[in-house]
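Below is one structure, written out as structure tokens; comments come after it.
Counting begins at 1 with the first residue of the sequence.
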Amino acid sequence: MAARSKARKRAVDVLYAAELRGRSRPDQLADEVATGNPPVPEHTVRLVEGVTEHAGRIDELIDTHARGWSLERLPDVDRAILRMAVFELLWVDDVPDAVVIDEAVELAKALSTDDSPSFVNGVLGAILSAEVPTA
């Protein structure tokens, strides 16, 4: 698994753990970094901090584009994957959009339900179409 793929998986783990434990994302991240077992990649920190900084807008976009699902009804892991991917799509310029979506779909395949990969793909595709201007 490539370094950025591992960092994304770790970011989803941190986001998921924070939500499951009712902790703030920065506190969960700080504990993970302090423990350092395994070490937390720099890209993981960037993703978790970005999701935290843009949480309101990210959740609004997911809620708007998750047809038939409210943000609260989504499985926790899908919510964590979507939050991480929406941040990376809209605020990280050094990763191609197709890579972000593909990585999120792969995480959904590995971590969630059989229906999650196509759902994640659809939500991210809708957000990308609505938010990113075409050239």
One should read off an interatomic distance between L90 CG and L128 CG, to the nearest 0.5 angstrom, of 7.5 Å
Contacts of T113 meeting side chain to side chain donor-acceptor pair (under 3.5 Å) (sequence neighbours excluded), chain-then-number -> S116
Show me the side-chain donor-acceptor pairs of residues 100-107 shorter than 3.5 Å, one per line, residues at least two apart or across chains.
| unit_1 | atom_1 | unit_2 | atom_2 | d |
| --- | --- | --- | --- | --- |
| E103 | OE1 | S5 | OG | 2.8 |
| E103 | OE2 | S5 | OG | 2.9 |
| E106 | OE2 | K109 | NZ | 3.2 |

Across all chains, not counting sequence neighbours, the side chain to side chain donor-acceptor pair (under 3.5 Å) partners of T52 are none
Those residues at least two apart in sequence (or on a different chain) that pass side chain to side chain donor-acceptor pair (under 3.5 Å) with H65 are none
Rounded to the nearest 0.5 Å, the CD1 atom of I58 sits from the CG atom of L82 at a distance of 10.5 Å
Minimal heavy-atom distance between P41 and A7, with the atoms involved, is CB-CB, 3.9 Å
For S112 and V77, the nearest pair of non-hydrogen atoms, with its separation, is OG-CG1, 3.4 Å
The salt bridge (Lys or Arg N to Asp or Glu O under 4.0 Å) partners of D115 (sequence neighbours excluded) come to none
All heavy atoms of A66 vs all of V123, minimum pair found to be CA-CG2, 3.8 Å
| message | I'd like to know if E88 pairs up with R8 as an ion pair, taking the criterion as any Lys NZ or Arg NE/NH1/NH2 lying under 4.0 Å from an Asp or Glu carboxylate oxygen. | response | yes
Distance col, row I81:CD1 vs L124:CG, nearest 0.5 angstrom, shows 9.5 Å
Looking at side-chain heavy atoms only, is the closest gap between L89 and M84 below 4.5 Å?
no
**Prompt:** Heavy atoms, side chains only, cut-off 4.5 Å: are V14 and R25 in contact?
**Reply:** no
Side chain to side chain contact (heavy atoms under 4.5 Å, CB included) filter on R73, not counting sequence neighbours, yields W69, S70
One should read off an interatomic distance between L47 CG and E42 CD, to the nearest 0.5 angstrom, of 11.0 Å
Residues pairing under salt bridge (Lys or Arg N to Asp or Glu O under 4.0 Å) where one sits in residues 30-41, two or more places apart or in two chains, turn out to be R10-E32, R23-D31
message: Quick one, L15 and Q28 - any side-chain contact, counting heavy atoms below 4.5 Å?
response: no
Residues passing the side chain to side chain contact (heavy atoms under 4.5 Å, CB included) test with S24, sequence neighbours excluded, are P26, D27
Here the salt bridge (Lys or Arg N to Asp or Glu O under 4.0 Å) pairs for residues 52-65, sequence neighbours left out, are R57-E60, R57-E131, D59-R83
Pairwise side-chain contact, V95 with V92, heavy-atom cut-off 4.5 Å (strictly under): yes
Across all chains, not counting sequence neighbours, the salt bridge (Lys or Arg N to Asp or Glu O under 4.0 Å) partners of D94 are R4, R46
Between A80 and Y16 the two heavy atoms that sit nearest each other are CB-N, 4.0 Å
Side chain to side chain donor-acceptor pair (under 3.5 Å) filter on T64, not counting sequence neighbours, yields none
